[in-house]
A.B. asks: 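First the structure, which I've put down as structure tokens, then a few questions once you've had a look.
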There are 2 protein chains.
Amino acid sequence: MPLERIVDAAISLVDEQGAEALSMRSLAKRLDSGTATLYRHFGSRAQLVDHVVDAVLGGIDLDGGAAAPSATWQQSCATAAHAMFDTLARHPNVATLLTERIPVGSNAMRQREFMINTLLAAGFDPALAARAYATLARYVLGFAIQIGASAGAESLPSPADAPPGRHPATAAVAAYLPVPLASEFGFGLDLILEGLTGLLARTADRSGRQAP
Amino acid sequence: MPLERIVDAAISLVDEQGAEALSMRSLAKRLDSGTATLYRHFGSRAQLVDHVVDAVLGGIDLDGGAAAPSATWQQSCATAAHAMFDTLARHPNVATLLTERIPVGSNAMRQREFMINTLLAAGFDPALAARAYATLARYVLGFAIQIGASAGAESLPSPADAPPGRHPATAAVAAYLPVPLASEFGFGLDLILEGLTGLLARTADRSGRQAP
DNA sequence: ACCTGAACACCGTTCAAGT
DNA sequence: ACCTGAACACCGTTCAAGT
């Protein structure tokens with residue numbers, strides 16, 4: 001029983017029936033096998049989930065737009081972040097699994113290397129590059145986790161449910177809520193990258209003034 | 001059996017033994033009762049979780065610093081966001097429950113009204129206020145969800161685990177990783193608020209030019 | 001060597017029966 | 001009216017026994 005066959009079956013199961021349908025029993029049945037066989041390949045259900053998540057993250061193509069030589073560092077970061085978000089959005093039920101296990105597979109490591117390399121090349125010093133990467137990664141992950149949740153029900157509670165007169169400000173903007181998650185994601189990502197651009201400029205100014 | 005007693009017992013159980021220890025059986029046992037009794041108060045475990053989350057969110061004090069008349073809108077938003085994050089950080093295991101249920105209780109609604117009201121008063125038009133609120137709320141929620149995950153294990157995989165020569169950029173900043181989650185949160189929040197400040201200024205410029 | 005049925009100790013939810 | 005034991009249909013994990 002090749003490991004890849006198990007992982008592929010698990011992804012199909014989650015795509016079709018949701019993250020909560022991925023049990024060792026249901027997966028074993030889909031493979032015409034028993035649960036004990038699965039435990040010959042994975043020490044626990046958590047390890048299986050790690051493989052499922054990393055297999056999906058492997059579908060991200062960094063060598064496309066994100067790594068284009070003509071791209072600015074902001075474009076590279078934005079493209080990489082969107083690629084990860086979009087890939088998980090294509091598997092919303094797999095995204096839900098991110099709440100169980102934070103990615104630790106080799107594809108997640110590849111993503112990390114790409115982003116940190118981009119930031120260092122842009123001129124961020126190592127300490128700031130680490131902070132910038134951490135915030136970006138956490139931002140993407142935080143939104144990705146909520147893809148699954150917002151897929152089923154309305155993402156955030158609809159303002160229509162609010163008591164009539166008690167929430168006037170909410171009522172005033174109710175026509176514009178809820179904002180689609182993908183739109184929120186891009187909006188906030190641009191704000192963060194704009195903030196980082198300002199931060200980098202101030203850092204460069206200071207070191208420029210000190211050195212010569 | 002008062003409902004408040006059940007919710008308090010559930011919070012204690014989660015605080016002490018983790019989110020996964022909150023089962024209808026374990027909670028019933030702690031209350032010297034049976035599972036069927038709990039179903040007289042909550043239609044499902046999910047409804048119980050909603051009450052637990054909202055009870056914790058009720059501990060957030062918006063009337064303190066966030067609503068101070070002297071505060072700028074950036075300070076009000078930052079204080080409110082930090083208050084929510086800090087409250088959940090004090091109950092890391094409850095924060096994990098946010099992955100199961102997005103907050104829909106009255107305390108979450110109060111938070112929403114406060115933030116939207118702050119943005120409208122700052123001069124954001126309703127459409128932009130809705131987007132800004134949505135992004136901020138999602139940002140806080142995304143980080144809050146990860147509090148529990150980062151409490152147990154190392155938040156993101158330690159760079160020490162990486163293959164030696166294959167990730168040079170990661171190795172170059174390894175000394176600065178992992179960044180503590182609370183620090184990442186504040187860093188990214190400031191970047192977003194800075195970005196919103198620029199956006200508001202540009203909006204005001206344009207409408208100023210058009211009107212007179 | 002590789003696989004598996006059956007078992008153990010759990011789940012959420014329901015319902016007839018008790019007080 | 002309010003509560004509950006017991007049942008139903010599930011879990012993750014393990015292990016002795018099979019091939």
Side-chain angles (χ1 to χ4, degrees), chain A residues 1-55 93-94 96-102 104-105 148-149 152-153, chain B residues 1-55 93-94 96-102 104-105 148-149 152-153:
Chain A
M1 170 93 65
L3 188 135
E4 201 196 353
R5 197 161 87 85
I6 301 178
V7 174
D8 285 350
I11 293 175
S12 302
L13 186 64
V14 171
D15 280 345
E16 291 165 18
Q17 297 181 244
E20 73 290 345
L22 177 61
S23 72
M24 300 306 263
R25 275 183 175 75
S26 61
L27 181 57
K29 183 178 274 184
R30 179 181 269 250
L31 291 162
D32 278 321
S33 177
T35 56
T37 299
L38 298 178
Y39 281 93
R40 298 198 61 72
H41 296 272
F42 307 98
S44 65
R45 182 179 175 281
Q47 256 175 49
L48 167 66
V49 169
D50 283 343
H51 280 262
V52 167
V53 168
D54 211 60
N93 294 336
V94 174
T96 302
L97 291 173
L98 293 176
T99 68
E100 298 182 32
R101 301 288 296 174
I102 281 176
V104 295
Chain B
M1 170 91 66
L3 186 136
E4 201 197 351
R5 195 161 90 85
I6 300 178
V7 174
D8 285 350
I11 293 175
S12 301
L13 186 64
V14 172
D15 281 344
E16 291 164 19
Q17 297 181 243
E20 74 290 346
L22 177 62
S23 72
M24 301 306 263
R25 277 184 174 75
S26 60
L27 181 57
K29 183 178 273 184
R30 180 181 265 252
L31 291 163
D32 278 321
S33 178
T35 56
T37 301
L38 298 177
Y39 281 92
R40 296 198 63 71
H41 297 271
F42 307 98
S44 65
R45 182 179 175 283
Q47 256 175 50
L48 167 66
V49 169
D50 282 345
H51 281 260
V52 167
V53 167
D54 210 60
N93 294 336
V94 173
T96 301
L97 291 172
L98 293 175
T99 68
E100 297 182 32
R101 300 289 295 173
I102 282 176
V104 295

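Here is the naming used below: chain letters follow the sequence lines, and residue numbers restart at 1 for every chain.
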A.B. asks: Output the rounded distance in Å from CZ (A/R40) to C1' (D/dT13).
C.D. replies: 15 Å

A.B. asks: Name the stems with DNA chain C in them: runs of three or more consecutive Watson-Crick or G-U pairs, distances under 3.5 Å?
C.D. replies: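 Listed by first number, the stems are C:4-8 with D:12-16, C:12-16 with D:4-8.
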
A.B. asks: What residues form a side chain to side chain donor-acceptor pair (under 3.5 Å) with A/T99, not counting sequence neighbours?
C.D. replies: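 By the side chain to side chain donor-acceptor pair (under 3.5 Å) rule, A/T99 matches no residue at all.
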
A.B. asks: CG of A/L27 versus P of D/dT13: gap in Å, rounded?
C.D. replies: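 One finds 13 Å between P of D/dT13 and CG of A/L27, rounded.
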
A.B. asks: Does a side-chain N or O of B/S33 approach OP1 or OP2 of D/dT4 to a distance below 4.0 Å, or not?
C.D. replies: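 Yes, such a contact exists.
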
A.B. asks: Can you give me the N/O atom pairs linking the protein to nucleotides 14-16 of chain C at distances under 3.5 Å, or say none if there are none?
C.D. replies:
none

A.B. asks: For residues 38-50 of chain B, which residue pairs pass the salt bridge (Lys or Arg N to Asp or Glu O under 4.0 Å) check, not counting sequence neighbours?
C.D. replies: B/R45-B/E100, B/D50-B/R101

A.B. asks: Starting from P on C/dC2, measure out to NE2 on A/H41 and report it in whole angstrom.
C.D. replies: 9 Å

A.B. asks: For DNA chain D, which residues in residues 2-25 of chain B have a heavy atom at a distance below 4.0 Å?
C.D. replies: B/R25

A.B. asks: Any chance you could measure B/T37, atom OG1, to B/I6, atom CD1, to the nearest 0.5 Å?
C.D. replies: 8.0 Å

A.B. asks: Find the distance A/K29:NZ to D/dG12:P and express it as a whole number of Å.
C.D. replies: 13 Å

A.B. asks: Just distance, no hydrogens or angles: give the donor-acceptor pairs under 3.5 Å from side chains in residues 11-28 of chain B, sequence neighbours left out.
C.D. replies:
unit_1 : atom_1 : unit_2 : atom_2 : d
B/S12  : OG     : B/D8   : O      : 3.1
B/D15  : OD1    : B/H91  : ND1    : 3.0
B/D15  : OD2    : B/H91  : ND1    : 3.0
B/E16  : OE1    : B/R30  : NH2    : 2.6
B/S23  : OG     : B/S26  : N      : 3.0
B/S23  : OG     : B/S26  : OG     : 3.0
B/S26  : OG     : B/A21  : O      : 2.7
B/S26  : OG     : B/S23  : N      : 3.0
B/S26  : OG     : B/S23  : O      : 3.0

A.B. asks: Could you note down all residue pairs passing ring-ring contact (aromatic ring centres under 6.0 Å, His included) where residues 13-52 of chain B supplies at least one of them, sequence neighbours left out?
C.D. replies: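 Every ring-ring contact (aromatic ring centres under 6.0 Å, His included) pair that includes a residue of residues 13-52 of chain B, provided the two are not neighbours, is B/F42-B/H51.
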
A.B. asks: Using whole Å, what does the distance between atom P of nucleotide D/dC3 and atom CE of B/M1 come to?
C.D. replies: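 About 7 Å, once rounded to whole Å.
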
A.B. asks: Applying side chain to side chain contact (heavy atoms under 4.5 Å, CB included), can you list everything that pairs with B/D54, at least two apart in sequence or on another chain?
C.D. replies: B/L57, B/S106, B/N107, B/A108

A.B. asks: In whole Å, I'd like the distance from the CZ atom of A/R45 to the C1' atom of C/dC10.
C.D. replies: 15 Å

A.B. asks: Among all residues two or more places apart in sequence or in another chain, which pass the side chain to side chain donor-acceptor pair (under 3.5 Å) test with A/T35?
C.D. replies: none

